[in-house]
Amino acid sequence: MAVGFTQDQEQFREVVGRFFAAKSPVTEVRKLMQEDRGYSRDLWAQMAQELGVLGIHYPEEYGGYGFGAVELGIVAQEMGRYLYCGPYFASVIMAGYALINEGSQAQKERWLPGMAAGSILAALVLDDLDDVAQVGQKISWNAQRGLNGTADIVLDAHNADLLIVGAGTESGVGLFLLPADDSRVVITRKTSLDETRKLSQVCFVDAPATPLGDGHCDLVRLWDQLSTALAHEMIGGAEHLFNRTLEYLKMRVQFGRAIGSFQALKHRCADLLMSLELARAATHAAARYVAWGDGDAYAANMAKAMAGDAYMAIAEQAIQLRGGIGFTWEDDTHLWFKRAKSSEVFLGSPNWHREALIQKIEADQELQHA
Amino acid sequence: MAVGFTQDQEQFREVVGRFFAAKSPVTEVRKLMQEDRGYSRDLWAQMAQELGVLGIHYPEEYGGYGFGAVELGIVAQEMGRYLYCGPYFASVIMAGYALINEGSQAQKERWLPGMAAGSILAALVLDDLDDVAQVGQKISWNAQRGLNGTADIVLDAHNADLLIVGAGTESGVGLFLLPADDSRVVITRKTSLDETRKLSQVCFVDAPATPLGDGHCDLVRLWDQLSTALAHEMIGGAEHLFNRTLEYLKMRVQFGRAIGSFQALKHRCADLLMSLELARAATHAAARYVAWGDGDAYAANMAKAMAGDAYMAIAEQAIQLRGGIGFTWEDDTHLWFKRAKSSEVFLGSPNWHREALIQKIEADQELQHA
Amino acid sequence: MPKESVMADAEVRETVRSWLTEHWDINRPLDEWRECLVDGGWAAPAWPVEFFGRGYSVEQAALVAQTFEEFGAVGPAQGGPRRLASHTLLTHGNDAQKQAFLRQILTGEHGWCQLFSEPGSGSDLAGLSTKAQRVGDRWIINGQKVWNTSAHHADYGLLLARTDWDVPKHQGLSYFLIDMHQPGVEVRPLRQMNGHASFNEVFFSDAWVLPEHLLGAEGEGWSIAATTLSIERQGFSSERSGGRAKNLTGAIYDQYRSELAVELAPYTWYPQRTGRVDLAYPRAKASGKIDDPALRQALAKLLSMKKSADLTEALAAVKQRAGNNRVSPEGSVGKLAASAIARQAAHVHTLISGAGAMLGGDDSAHEGVVAEILLSVPAISIAGGTDEIQKNIVAERVLGLPKEPRFDRGPFRDVPRNAVDN
Amino acid sequence: MPKESVMADAEVRETVRSWLTEHWDINRPLDEWRECLVDGGWAAPAWPVEFFGRGYSVEQAALVAQTFEEFGAVGPAQGGPRRLASHTLLTHGNDAQKQAFLRQILTGEHGWCQLFSEPGSGSDLAGLSTKAQRVGDRWIINGQKVWNTSAHHADYGLLLARTDWDVPKHQGLSYFLIDMHQPGVEVRPLRQMNGHASFNEVFFSDAWVLPEHLLGAEGEGWSIAATTLSIERQGFSSERSGGRAKNLTGAIYDQYRSELAVELAPYTWYPQRTGRVDLAYPRAKASGKIDDPALRQALAKLLSMKKSADLTEALAAVKQRAGNNRVSPEGSVGKLAASAIARQAAHVHTLISGAGAMLGGDDSAHEGVVAEILLSVPAISIAGGTDEIQKNIVAERVLGLPKEPRFDRGPFRDVPRNAVDN
């Protein structure tokens with residue numbers, strides 16, 4: 001069981017962390033969340049050129065850096081910490097993983113270099129974000145009529161040049177590719193609970209689309225990859241909120257003493273630290289599983305479930321321990337709270353992932369006894 | 001929504017409480033739990049003659065006092081408080097309810113007066129104590145071969161003169177009656193986790209038995225009645241442990257102060273009080289439902305689930321807050337802890353009762369929309 | 001005329017009804033009607049005769065209100081802060097103050113607000129540090145208040161400020177009636193995380209109060225505030241309903257509805273703050289999520305908690321009516337239970353929505369209500385005293401556990417406090 | 001002979017192997033073999049040459065142990081309390097004390113026990129009140145200890161007692177080596193709620209200690225106790241396994257097994273104390289309860305907590321090896337996680353057993369193990385420092401939150417304490 005990070009990875013985390021600390025201060029977050037586009041094109045270009053993270057986990061032959069889930073996880077964790085606003089999760093992670101996993105060589109050559117360079121934005125359209133087994137029930141594809149159906153919640157579809165769409169076919173669920181500006185695609189913006197993450201409804205009416213690769217795909221693998229990246233983002237956010245809360249507890253005085261000296265609050269913080277530490281260990285283990293198959297097949301489920309619970313618990317307490325001020329718009333806590341709530345339910349609830357974990361153990365046991 | 005008790009009922013509670021405080025001190029509990037019989041015949045006679053609680057909820061025409069679930073609940077609550085050891089739950093409550101509910105007039109005349117007078121002990125044999133819907137799967141009855149099968153856990157069967165047995169028949173599950181000393185009944189004593197409650201396995205081999213009433217029965221109603229009585233017993237135990245723990249926290253000094261002045265412990269006690277108050281309210285509501293049909297059909301399920309969770313939470317903390325001494329045999333806490341654990345799983349776990357609650361709501365809704 | 005306190009119920013009803021028959025007119029302007037109400041003693045029948053009332057008992061006053069309701073007549077100006085002001089004035093005001101303010105409260109001419117909490121003193125209200133200094137013939141006020149509902153349209157404020165820094169914190173406070181329309185008072189709306197702006201911040205920069213608007217004596221502020229807070233704790237649920245009049249047709253009703261809309265605006269999200277347990281089962285059923293066993297467990301827990309909390313509250317009410325006035329466990333856990341229920345409800349609504357909980361505003365389920373639940377529930381364990389304070393109270397007053405050691409018993413000047421205050 | 005600290009691994013192994021080849025004999029009596037071991041310096045190779053050791057590094061000593069294990073040779077006398085005694089003596093004993101006691105620890109001639117905790121001072125160990133008074137040429141001991149594993153067959157005890165009541169509590173303690181075989185010492189077994197009796201209570205009534213058996217100086221007891229406690233925290237898991245030797249055939253192994261059986265008797269239920277996570281999935285599967293969705297949720301939580309706690313522990317170990325010795329969050333939450341895991345495991349085992357959990361003793365599932373789990377798990381959040389103390393430590397040392405106010409800083413005589421002490 002490998003644990004921990006290499007020195008290079010630690011250094012990379014520092015560089016990425018410093019970058020977003022500088023480029024994604026909360027004033028910027030508050031500005032972008034009000035806007036429809038929701039991200040800065042300048043910063044996107046810097047992320048491609050200066051920081052080099054847009055294609056961090058794409059193979060080098062397609063303009064990427066050839067790293068894997070561990071390094072991508074570092075980026076996601078730091079983005080989550082600073083609540084970075086932009087289509088990174090939608091394009092680089094979601095659509096990127098889909099292309100890497102399933103794309104033909106030609107498709108990868110056509111799209112990945114542009115995505116890594118920052119000139120192309122893609123979005124992955126899944127018609128179910130609760131349960132991977134339900135994907136492809138509401139959108140169908142066949143060779144004659146192309147894509148038909150609706151996905152209710154799609155990240156950053158309104159910013160995308162390219163859509164990759166999960167759709168049911170006669171022979172299972174496949175991924176399909178089409179330009180986002182096709183007239184038979186209707187993208188309708190939706191209001192988000194977490195306004196730092198832009199959502200749309202995407203509707204297809206006889207929209208022609210090309211199969212990604214051979215039209216078959218391993219959706220469970222993709223779901224695990226995305227869940228793992230999301231868990232990292234959550235851990236970063238949870239760390240930030242937890243640290244901010246500790247600072248507040250040390251500074252805020254009531255009844256003549258810092259409220260952090262009240263034992264009930266101290267013990268609560270110890271409990272939160274435990275959840276956070278365990279969730280972080282699970283999340284980093286999931287990255288190693290996704291990267292190298294090292295560890296348990298349920299690693300991503302464990303990570304997403306634990307990170308989701310820990311982030312929400314910390315977010316709730318971050319408000320509660322601030323009292324009234326924590327409930328105001330002016331205070332920043334709610335921005336992370338909303339991200340926590342939205343991430344909790346995105347790509348499977350903690351309950352869903354726990355059920356998936358047991359199913360994987362059962363499958364594994366059956367394999368062993370077969 | 002009626003709430004609260006009448007003055008008569010409050011007075012009755014006081015009388016019963018004083019009785020068991022005097023007659024069931026913990027020294028007596030420790031003595032009886034070591035013995036195989038597990039109860040005092042003298043005390044049983046006093047309970048019949050002086051206290052008059054053996055037939056508290058039996059109709060007066062059968063030697064009972066004609067009271068209902070509320071008064072029976074008061075008795076059960078006080079017994080649970082003092083950890084009364086004896087076949088009250090098995091005979092008076094379990095077998096008693098079965099007879100009252102389903103017995104023919106002749107059967108009630110034959111058995112209830114003796115049970116109320118303390119001269120006859122009965123036991124209710126159910127082959128499943130987890131799920132009322134599973135009763136009658138392991139024991140069967142037919143007119144030719146009588147009873148066959150095994151119940152793994154039966155309360156106080158070894159003390160019983162009379163057995164009432166739930167068994168599957170061609171036309172559903174029924175209750176059947178036979179003397180406990182029939183040679184085709186094998187009663188094997190089992191070790192209990194909670195040694196204040198004596199258990200046996202009961203096995204039938206072609207044992208002749210008479211149908212109770214017409215051989216059909218409303219097991220769900222019976223299960224609700226028993227669960228409600230058990231919930232009362234749990235509330236009494238929980239109250240006792242909680243009060244004892246508060247006393248300890250006020251008395252025990254560490255670091256130069258009473259440990260009850262530490263905020264983390266104070267807040268924990270406030271949380272426990274909340275669980276206890278809510279569970280008690282639910283339990284007393286269940287008694288009113290069982291007695292008069294007043295309230296929700298799921299009242300007993302709500303009570304059993306909440307009382308089970310509250311009692312276990314209080315029992316765990318009663319040990320934890322005492323530290324090492326709470327883990328010793330010498331300290332009395334474990335006696336109640338074991339009763340709490342054993343009651344948690346007896347007649348359906350909290351999870352089972354919650355599921356049952358939802359099923360009843362669904363049934364009710366369908367009825368309303370039908 | 002029979003002595004009113006011994007009037008039979010039927011007689012009260014009849015008196016009201018005949019008076020209304022004579023005076024009620026749906027085409028009368030609302031303010032004029034309210035003047036008439038006050039003149040007739042019907043705006044506050046339980047108040048003393050010398051102060052616009054009729055000296056009725058509380059039960060009789062309730063009968064009057066009920067008769068108004070049946071008749072479809074609009075009552076006196078209501079609104080939480082107005083009631084806080086009138087009851088505090090009735091208890092602690094001198095005759096001149098009562099004469100000066102009570103009438104305009106009932107007619108609705110004056111709006112009021114409460115100015116207690118401060119950014120630096122939330123749970124520790126008595127640790128507030130807004131300063132009132134006597135300079136010449138005036139009190140000069142400097143400091144900041146927060147959570148002031150209705151302050152943006154209030155004419156007067158109930159102000160708690162520190163007049164003595166050399167005594168323990170509870171002893172140095174005084175209670176003022178402050179004119180909100182003056183240059184030294186600035187009111188800014190305060191937006192919450194759920195998007196609503198139900199409260200204000202109020203800034204005082206050399207604002208002033210006349211000496212005759214000190215309520216009670218200097219240094220008595222804390223005990224007077226206790227009266228205000230106890231009225232606040234009784235809640236405003238009945239007043240917030242608006243009654244039958246809000247659905248009737250006629251000119252005066254239109255005016256009444258406009259008034260109501262303004263006064264109730266801060267509270268539209270309050271039902272969501274409780275978690276909307278009422279929506280849980282119907283939403284689970286409608287969405288098909290009722291078949292998820294884990295949801296069923298969570299839902300059963302929620303419904304059990306809610307039902308047993310209702311039972312507990314009912315029991316507490318019975319005991320209170322029976323005159324059992326000591327702090328009862330049933331009553332004291334109600335607030336904690338409400339928090340636990342709201343949190344569990346938010347959890348259940350999240351489970352029902354699944355990824356749908358990513359949507360906000362009107363795109364959220366149930367016409368936007370679900371997002372509002374998720375973003376409002378955090379308030380319930382904070383507003384009106386945090387759960388932490390409530391647990392201290394339960395542990396000490398109900399369970400008799402020893403008190404926390406105190407570090408703020410000395411002169412307030414020497415008590416450590418937040419930098420923002422100094 | 002090359003300097004041992006620079007000996008290559010292979011050379012260490014070879015030296016051990018050739019010595020064992022020469023001396024090891026399975027028909028030799030165990031006590032004779034242990035004398036031989038000590039004489040050869042192999043009983044404690046990491047100890048100094050002048051005290052029965054060879055001055056090896058910790059890594060080299062581990063190699064020696066490994067080679068013994070491979071060879072199938074029995075090592076020196078082990079057992080937790082003996083190791084506490086020897087390490088504390090090595091660090092704080094004078095030469096005479098080391099000469100007097102260390103050899104008989106290694107040979108197994110003397111058993112030891114720890115005499116720290118008292119009924120009146122559990123979490124607050126430094127608040128202990130067993131009294132040591134200098135009377136003539138002896139220290140006279142009066143008081144009571146508790147949780148003393150092995151005290152019933154110990155020859156000597158590590159005793160912490162109060163010698164000065166007029167200084168703050170940590171400063172008034174002294175550390176004694178007490179002869180357990182004397183009339184003033186009474187040892188009584190202490191039974192736990194799970195039926196086992198792993199501990200003892202020890203009562204001192206005018207028991208005595210020779211002045212030369214005061215360890216360190218008078219008043220230094222607390223800092224010496226810290227050494228003992230830090231060794232205790234390292235755990236005894238490897239020693240408790242008994243190694244390969246416990247399964248081999250031969251006279252000396254029989255003797256070793258008897259010794260082991262006595263020493264390990266108190267610990268047979270320790271695995272159950274952790275909740276036996278290893279049994280959860282197999283039992284759920286075998287019972288068919290795995291199909292219960294609520295159980296699946298609880299089980300998944302359990303397995304996730306366990307797995308991530310293992311990962312966290314592994315990470316803490318990596319960091320510690322990397323020389324990062326400051327208190328790390330990873331290390332500090334381990335004990336809390338173990339408690340949470342054990343509680344969750346008990347919950348899961350309860351769900352699996354259902355009404356079967358009513359059975360106890362051997363009638364309980366898995367040959368009685370399940371009942372033992374349910375009745376042993378409460379110990380894990382208490383033993384070795386309660387969760388409450390651990391949370392204080394995490395909050396203060398890891399998270400840097402302010403300390404609790406203290407009420408026990410003055411002379412111990414004036415500090416409030418439990419009636420039982422006085």
Side-chain angles (χ1 to χ4, degrees), chain A residues 1-5 7 242-243 245-247 249-250 257-263 265-286 288 295-296 298-299 301-303 305-306 309-310 350-362 365-366 369, chain D residues 280-282 284-285 290-291 293-319 321-322 324 328-341 387-405:
Chain A
M1 205 159 53
V3 292
F5 290 93
Q7 226 172 350
F242 187 56
N243 292 335
T245 301
L246 290 173
E247 280 165 31
L249 292 176
K250 292 173 194 174
R257 54 195 278 203
I259 62 173
S261 73
F262 284 103
Q263 199 191 35
L265 308 195
K266 288 164 76 169
H267 282 203
R268 206 180 295 167
C269 288
D271 287 335
L272 292 176
L273 175 70
M274 182 183 83
S275 321
L276 178 57
E277 290 300 320
L278 298 188
R280 176 162 46 206
T283 297
H284 292 160
R288 293 189 295 273
D296 302 298
Y298 57 72
N301 304 114
M302 179 167 94
M306 296 187 85
D309 285 343
N351 280 355
W352 184 90
H353 279 282
R354 281 189 280 269
E355 173 60 32
L357 180 155
I358 297 291
Q359 285 178 17
K360 285 186 185 167
I361 292 181
E362 286 186 296
Q365 294 281 325
E366 269 166 36
H369 293 121
Chain D
Y281 180 81
K285 193 77 184 172
I290 191 71
D291 295 327
L295 169 69
R296 293 166 77 88
Q297 287 290 321
L299 179 61
K301 274 187 195 164
L302 172 63
L303 299 176
S304 300
M305 285 163 77
K306 175 73 172 112
K307 169 66 77 174
S308 55
D310 289 348
L311 288 160
T312 305
E313 196 185 325
L315 183 61
V318 165
K319 285 198 178 174
R321 277 199 297 278
N324 188 338
S328 80
E330 292 87 3
S332 65
V333 301
K335 189 163 181 341
L336 293 177
S339 294
I341 290 164
D387 274 12
E388 287 74 18
I389 294 294
Q390 186 63 16
K391 284 181 192 179
N392 283 346
I393 292 173
V394 168
E396 292 173 10
R397 299 202 200 147
V398 182
L399 302 179
L401 290 168
K403 296 204 177 226
E404 278 287 304

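A:Gln365 touches chain D through its side chain: at least one heavy atom from C-beta onward sits under 4.5 Å away, while N, CA, C and O do not. For A:Leu246, the parts lying near chain D are the backbone and the side chain together; criterion is any non-hydrogen pair under 4.5 Å. Of the atoms belonging to D:Lys301, heavy atoms from both backbone and side chain fall under 4.5 Å from chain A. Proximity to chain D is limited to the side chain of A:Met306, based on heavy atoms less than 4.5 angstrom apart. Looking at A:Asn243, there are no atoms closer than 4.5 Å to chain D (heavy atoms on both sides), in backbone or side chain. For A:Ile361, the parts sitting under 4.5 Å from any heavy atom of chain D are the backbone and the side chain alike. With a threshold of 4.5 angstrom between heavy atoms, A:Arg268 does not approach chain D through any atom at all. No part of D:Ala317 comes within reach of chain A, as not one of its non-hydrogen atoms sits under 4.5 angstrom from that chain. Looking at A:Asp296, only its side chain comes within 4.5 Å of chain D, counting heavy atoms on both sides.
Ranked by heavy-atom pairs under 4.5 Å with chain A, the first of D:Asp387, D:Leu336, D:Leu399 is D:Leu399. For the options A:Met302, A:Arg257, A:Gln359, A:His267, heavy-atom pairs under 4.5 Å to chain D are most numerous at A:His267. Ranked by heavy-atom pairs under 4.5 Å with chain A, the list D:Met305, D:Glu388, D:Lys285 is led by D:Glu388. For the options D:Asn392, D:Leu299, D:Ile393, D:Ile290, heavy-atom pairs under 4.5 Å to chain A are most numerous at D:Asn392. Residue with the most contacts toward chain A among D:Ser308, D:Ala337, D:Gly334, D:Pro405: D:Ser308 (heavy-atom pairs, distance under 4.5 Å).
Considering every non-hydrogen atom in both A:Ser261 and D:Glu404, the closest pair reads O-OE2, 3.3 Å. The shortest non-hydrogen separation linking A:Leu357 to D:Ser304 is CD1-OG, 3.4 Å. D:Gly400 and A:Lys250 get closest at one heavy-atom pair: O-CE, 3.3 Å. Considering all non-hydrogen atoms of both residues, A:Ala285 and D:Leu311 come closest at CB-CD1, 3.5 Å.
Dense packing is recorded around CD of D:Glu396, with more than 12 heavy atoms of other residues, nucleotides or ligands lying under 6.0 Å away.
The side-chain heavy atoms of D:Arg296 and A:Glu355, taken from C-beta on, include a pair separated by under 4.5 Å. The closest side-chain heavy-atom distance from A:Arg280 to D:Leu315 is not below 4.5 Å. Contact of the A:Gln263 side chain with the D:Lys391 side chain is not registered, since no non-hydrogen atoms from C-beta on lie closer than 4.5 Å. Two residues are said to be in side-chain contact when any heavy atoms from C-beta on lie closer than 4.5 Å; D:Val333 and A:Leu276 fail this criterion.
Here CG of D:Leu401 is found 10.0 Å from CD1 of A:Ile259. Values are rounded to the nearest 0.5 Å.
Between the side chain of A:Lys266 and the backbone N or O of D:Pro402, at least one donor-acceptor pair lies under 3.5 Å.
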